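To keep things clear, I will list the structure first and then write my remarks on it.
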Amino acid sequence: MKNLEIALLLGEIADLLEIKGENQFKIRAYRRASRAVKYLKENIEDLKEKGSLTKIPGVGKGIAAKIEEYLDTGEIKYYTELKKEVHPELLNLIRLPGVGIKTAKIIHEHFPGIDIELLKKYAEEGKIRALPGLGPKTEQNLLRGIDLMYGEREKYSIGIAKTSAEIILDFLNSISEVERAEIAGSVRRGKDLVGDLDLVISAKNYQEVVYYFEKHPHIQRVEKIGDQRFKAATWLGIKVDIEFADEDNFIETLYISTGSEEHIQQVKKLAEGFKGQITKNGIFINGSKIFLEGEKDIFSALGLPYIEPELREGRGEVEAAKKGRLPLLVKLNDIKGDLQVHSTWSDGMNSIEEMVQEAVAMGYSYIAITDHSKSLGIANGLSEKRLMEQWEEIEKLREKYAPFKILRGIEVDILSDGRLDFDEEVLKNLDLVIASIHSGFKQDRETITKRIISALENPYVDIIAHPTGRILGKRPPYDFDFERVLEKAAETNTVLEINASPDRLDLDDEQARAAKEMGIKIAVNTDAHERSCLNDIQYGVITARRAWLQKEDIINCMEPDELLNFLAERKKGAMP
DNA sequence: GCCGTTTTCGGCCCGACTGTTTTCAGTCG
């Protein structure tokens with residue numbers, strides 16, 4: 001699949017054109033095409049073969065020709081030429097949050113060839129604030145941005161990491177010398193940000209595996225480290241660490257490589273009490289090696305039930321296992337529907353019907369259509385009038401797709417003064433009201449806390465979406481009092497969201513666990529703006545599992561009637 | 001550069017917030 005490669009290239013062409021000051025609509029065309037290719041379900045090479053590249057929305061003759069050129073020759077001449085005209089460091093500068101073309105050019109004009117490291121140094125020395133049009137605030141924001149993007153030393157979202165790990169796993173499994181291969185490490189535990197990919201393999205001939213690995217198109221370089229492992233990097237630059245195991249210590253190696261360190265330490269400590277030892281060479285109790293068929297045998301040797309990888313963070317799972325109090329974690333197929341879905345009525349890429357078809361194909365029983373409200377102009381937010389028009393379309397689709405349920409919803413903006421973008425007369429006629437913040441991210445703690453609390457107090461608000469506002473690696477959460485928000489959500493029986501988009505995962509695992517402990521219900525929603533993004537639900541479920549959630553904690557694990565009752569009861573509670 | 005119940009040109013996403021400024025430019029969602 002070259003889809004992601006091409007999407008990134010088109011996006012970079014857009015950046016380059018922007019730096020050059022080209023026509024903004026041309027830039028937007030490349031951005032739109034990039035997005036469409038990124039979320040394309042089909043393999044783009046297949047589309048090319050069928051001659052239907054221009055069927056991709058936003059791809060016309062011009063861009064199709066460039067995609068074709070890339071697939072045929074591995075190069076886009078237009079892109080190569082553009083790159084010659086623009087200093088590469090400018091591209092890195094404009095990717096920093098708060099830095100656009102103008103700021104990047106000012107910095108670059110005064111410090112030609114400046115890179116991120118040097119920029120950080122100059123900012124710390126106060127040299128940036130002296131530049132024309134820039135000041136101390138910009139300098140501070142720059143430092144914060146650099147810290148956010150580079151401070152966590154190249155972390156990749158679980159979305160990219162898991163997909164990459166699965167591509168590598170498939171490849172390893174296709175090599176006949178490989179007897180067994182599994183994903184380990186933080187990808188297996190489902191962490192939101194991942195540093196590198198860990199895999200464990202056993203094989204008849206390791207030299208052969210390394211040989212094939214070097215040939216894989218996704219792999220940039222391979223470096224052998226001793227006899228037990230080799231390291232590599234994918235074309236995106238993600239580090240891969242592959243550890244060799246034998247057939248008779250594969251389970252032990254997989255278990256320890258999965259981690260986390262804290263978890264393993266705690267289990268090792270427990271094992272000491274059994275005169276036991278846990279090593280990659282074997283699990284020993286009273287000096288004799290335990291035969292393992294699977295990881296569950298490791299736990300049962302210590303008198304514990306199986307602990308799922310997502311729980312292995314040393315956050316009380318060993319204690320809970322001892323007491324027989326591990327949760328029965330929610331599973332992907334417990335999810336019965338998606339309660340935050342956008343359509344072309346606001347800023348989605350697909351029609352309501354297309355989103356419904358996708359949801360039906362996934363085996364769901366319902367979705368809620370929750371387009372943006374009017375204040376979000378850039379997202380083509382719905383006015384009251386257009387909302388009513390949307391209901392007519394939903395009504396027709398309800399008949400066509402029954403018994404599948406389509407909920408009339410809205411993602412209503414919490415305005416900067418805490419009011420909602422629609423008044424209660426409108427909200428009370430909706431099946432589902434989601435409220436969320438899209439503006440005023442930099443307000444002070446008290447103001448933002450009050451905004452969220454006043455949304456929670458609104459009797460018609462069912463769910464608060466992406467409650468902290470973070471975008472992983474790009475935007476920190478806004479400043480607010482999470483404890484107070486939890487208390488109010490518990491008091492008003494308002495649902496909090498785990499936004500399943502791998503760029504958000506908001507609430508995160510620990511926050512969602514805190515919410516559960518206060519009896520707050522959770523919705524796991526994708527916030528899909530493209531049909532294929534409904535599949536992001538997997539990342540939300542992984543996060544829910546890391547938060548110790550059971551299906552009883554999650555409202556979209558309810559059967560349709562149960563959910564409609566739940567929402568109706570909330571509304572009834574809302575009536576004076 | 002894309003797109004069209006508008007068919008080959010003309011329109012396409014705009015308003016709020018922030019920071020640096022003295023009246024507005026740049027960035028973002």
Side-chain angles (χ1 to χ4, degrees), chain A residues 9-11 13-37 53-67 76 78-79 82 93-107 123 128-145 148 342 344-349 371-383 386 411 413-417 419 421 436-444 447-448 451 465-466 469-471 474-476 478-479 499 501 503-504 506 527 529:
Chain A
L9 270 172
L10 294 175
I13 291 178
D15 287 345
L16 291 165
L17 291 173
E18 200 168 4
I19 293 171
K20 277 191 67 189
E22 279 270 1
N23 177 326
Q24 52 160 327
F25 297 109
K26 187 168 161 180
I27 297 164
R28 195 178 299 162
Y30 275 99
R31 289 254 152 79
R32 185 172 137 83
S34 164
R35 201 169 113 133
V37 171
L53 284 175
T54 52
K55 297 249 168 68
I56 304 170
V59 175
K61 268 197 204 156
I63 293 181
K66 292 185 176 71
I67 294 174
I76 300 175
Y78 181 61
Y79 167 75
L82 276 173
L93 290 182
I94 61 167
R95 282 173 193 150
L96 285 172
V99 179
I101 306 295
K102 299 289 167 72
T103 310
K105 279 190 171 164
I106 292 171
I107 295 172
I128 299 300
R129 69 177 70 192
L131 300 181
L134 307 184
K137 293 269 186 154
T138 308
E139 199 171 72
Q140 283 311 305
N141 286 339
L142 267 176
L143 284 171
R144 267 201 295 272
L148 195 65
H342 295 263
T344 45
W345 281 83
S346 64
D347 59 347
M349 301 272 279
D371 279 304
H372 291 285
S373 61
K374 59 180 187 260
S375 285
L376 212 58
I378 184 141
N380 192 23
L382 298 176
S383 64
R386 288 182 60 227
E411 182 180 7
D413 254 63
I414 304 172
L415 303 173
S416 29
D417 59 2
R419 285 180 306 120
D421 202 14
S436 61
I437 285 185
H438 293 103
S439 61
F441 298 109
K442 293 192 175 162
Q443 288 174 335
D444 62 76
T447 309
I448 295 188
R451 282 169 77 187
H466 41 77
R470 74 165 179 174
I471 306 281
K474 274 200 193 130
R475 191 173 76 201
Y478 32 71
D479 187 17
N499 192 290
S501 163
D503 294 329
R504 288 189 182 267
D506 177 9
D527 199 356
H529 286 70

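No hydrogens, no waters, no symmetry mates; every other heavy atom, side chains included, goes into these values. Here is the naming used below: chain letters follow the sequence lines, and residue numbers restart at 1 for every chain. Note that the structure is a prediction, hence the values are computed from the model and not measured.
A parallel orientation is assigned to the rings of A:Tyr30 and A:Tyr78, their planes being inclined by less than 30° (bins at 30° and 60°). Ring-plane geometry between A:His342 and A:His529 is classed as parallel, the angle between the planes falling under 30 degrees on a 0 to 90 degree scale with a further cut at 60.
Taking atom C1' on both B:dG26 and B:dT21, the two are 12 Å apart, rounded to the nearest angstrom. Taking atom C1' on both B:dT18 and B:dC12, the two are 27 Å apart, rounded to the nearest angstrom. When the P atom is used for both B:dT6 and B:dC2, the distance is 22 Å, rounded to whole Å. Separation of the P atoms belonging to B:dG15 and B:dT22 is 26 Å when rounded to the nearest angstrom. Atom name C1', nucleotides B:dC13 and B:dC3: the rounded distance is 16 Å, in whole Å. Comparing B:dG1 with B:dT5, their C1' atoms sit 24 Å apart, to the nearest whole Å. Of the C1' atoms belonging to B:dC17 and B:dG11, the separation is 28 Å, rounded to the nearest Å. Across the P atoms, B:dT20 and B:dA25 are found 16 Å apart, a figure rounded to whole Å.
Between the side chain of A:Arg470 and the main chain of A:Arg504, a donor-acceptor pair closer than 3.5 Å is present.
Taking the nucleotide of DNA chain B with the nearest heavy atom to each of A:Ile471 and A:Ile63, the more 5' of the two is matched to A:Ile63. Between A:Lys137 and A:Asn380, the one whose closest nucleotide on DNA chain B sits nearer the 5' end is A:Asn380.
Taking atom NZ of residue A:Lys55 and atom P of nucleotide B:dC3, one finds them 13 Å apart after rounding to whole Å. In this structure, A:Arg95 atom CZ and B:dC28 atom P are separated by 13 Å, rounded to whole Å. Spacing between atom CG of A:Asn23 and atom C1' of B:dC12 amounts to 10 Å, rounded to whole angstrom units. Atom-to-atom, CG of A:Asp503 to P of B:dG29 comes out at 12 Å; the value is rounded to the nearest Å. A:Glu22 places its CD atom 8 Å from the P atom of B:dG1, with the value rounded to the nearest Å. The CD1-C1' distance, from A:Ile76 to B:dG1, rounds to 14 Å in whole Å.
The minimum heavy-atom distance linking A:Asp371 with A:Ser346 is given by the pair OD1-OG, 2.6 Å. Smallest separation of non-hydrogen atoms from A:Ile107 and A:Leu142: CD1-CD1, 4.2 Å. Counting all heavy atoms, side chain and backbone alike, A:Gln443 lies closest to A:Ser416 at NE2-O, 3.2 Å. Of all non-hydrogen atoms in A:Gly469 and A:Asp506, the two that sit nearest each other are N-OD2, 2.8 Å. Closest non-hydrogen pair, A:Ile94 versus A:Gly100, comes out as CG2-O, 3.7 Å.
Counting heavy atoms from C-beta on, the side chains of A:Glu411 and A:Asp527 come closer than 4.5 Å. With a 4.5 Å cut-off on side-chain heavy atoms, A:Asn380 and A:Arg386 count as touching. With a 4.5 Å cut-off on side-chain heavy atoms, A:Arg475 and A:Pro97 do not count as touching.
Backbone-only contact: A:Lys66 has heavy atoms under 4.0 Å from sugar-phosphate atoms and none from a base. No engagement by A:Leu376 is indicated, since no non-hydrogen atom pair under 4.0 Å with the nucleic acid exists.
Both distances falling under 3.5 Å, in either a Watson-Crick or a G-U wobble arrangement, place B:dC2 opposite B:dG11.
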Can you give me the N/O atom pairs linking the protein to nucleotides 23-27 of chain B at distances under 3.5 Å, or say none if there are none?
unit_1: B:dG26; atom_1: OP2; unit_2: A:Lys102; atom_2: NZ; d: 3.2
unit_1: B:dG26; atom_1: O3'; unit_2: A:Thr103; atom_2: OG1; d: 3.4
unit_1: B:dT27; atom_1: OP1; unit_2: A:Gly100; atom_2: N; d: 2.6
unit_1: B:dT27; atom_1: OP1; unit_2: A:Gly100; atom_2: O; d: 3.2
unit_1: B:dT27; atom_1: OP1; unit_2: A:Thr103; atom_2: N; d: 3.1
unit_1: B:dT27; atom_1: OP1; unit_2: A:Thr103; atom_2: OG1; d: 2.5
unit_1: B:dT27; atom_1: OP2; unit_2: A:Ile101; atom_2: N; d: 3.4
unit_1: B:dT27; atom_1: OP2; unit_2: A:Lys102; atom_2: N; d: 3.4
unit_1: B:dT27; atom_1: O5'; unit_2: A:Gly100; atom_2: N; d: 3.4

Using a cutoff of under 3.5 Å, can you pull out all pairs of nitrogen or oxygen atoms linking the protein to nucleotides 14-17 of chain B, with atom names and distances?
unit_1: B:dC17; atom_1: OP1; unit_2: A:Ser416; atom_2: OG; d: 2.9

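Comment: A:Arg95 engages A:Asp15 in a salt bridge, judged by a side-chain N to carboxylate O separation of less than 4.0 angstrom.
Taking 4.0 angstrom as the limit, A:Asn141 places a side-chain polar atom (N or O) nearer than this to OP1 or OP2 of B:dG19. OP1 and OP2 of B:dC28 both lie 4.0 Å or more from every side-chain N or O belonging to A:Arg475. Taking side-chain N and O atoms only, A:Thr138 has no distance below 4.0 Å to OP1 or OP2 of B:dT18.
Among the nucleotides B:dG29, B:dG1, B:dT20, the one closest to any side-chain atom of A:His438 is B:dG29.
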**OP:** Using the salt bridge (charged side-chain N to carboxylate O under 4.0 Å, His left out) rule, take A:Asp413 and A:Arg419 through it: C-alpha gap first, then chi angles, then the decisive distance, then the call.
**Re:** CA-CA 9 Å; A:Asp413 254 63; A:Arg419 285 180 306 120; over 6 Å; no
Subject >> Heavy-atom protein contacts under 4.0 Å, nucleotides 5-11 of chain B, coded B base, S sugar-phosphate only, - none >> reply: -------
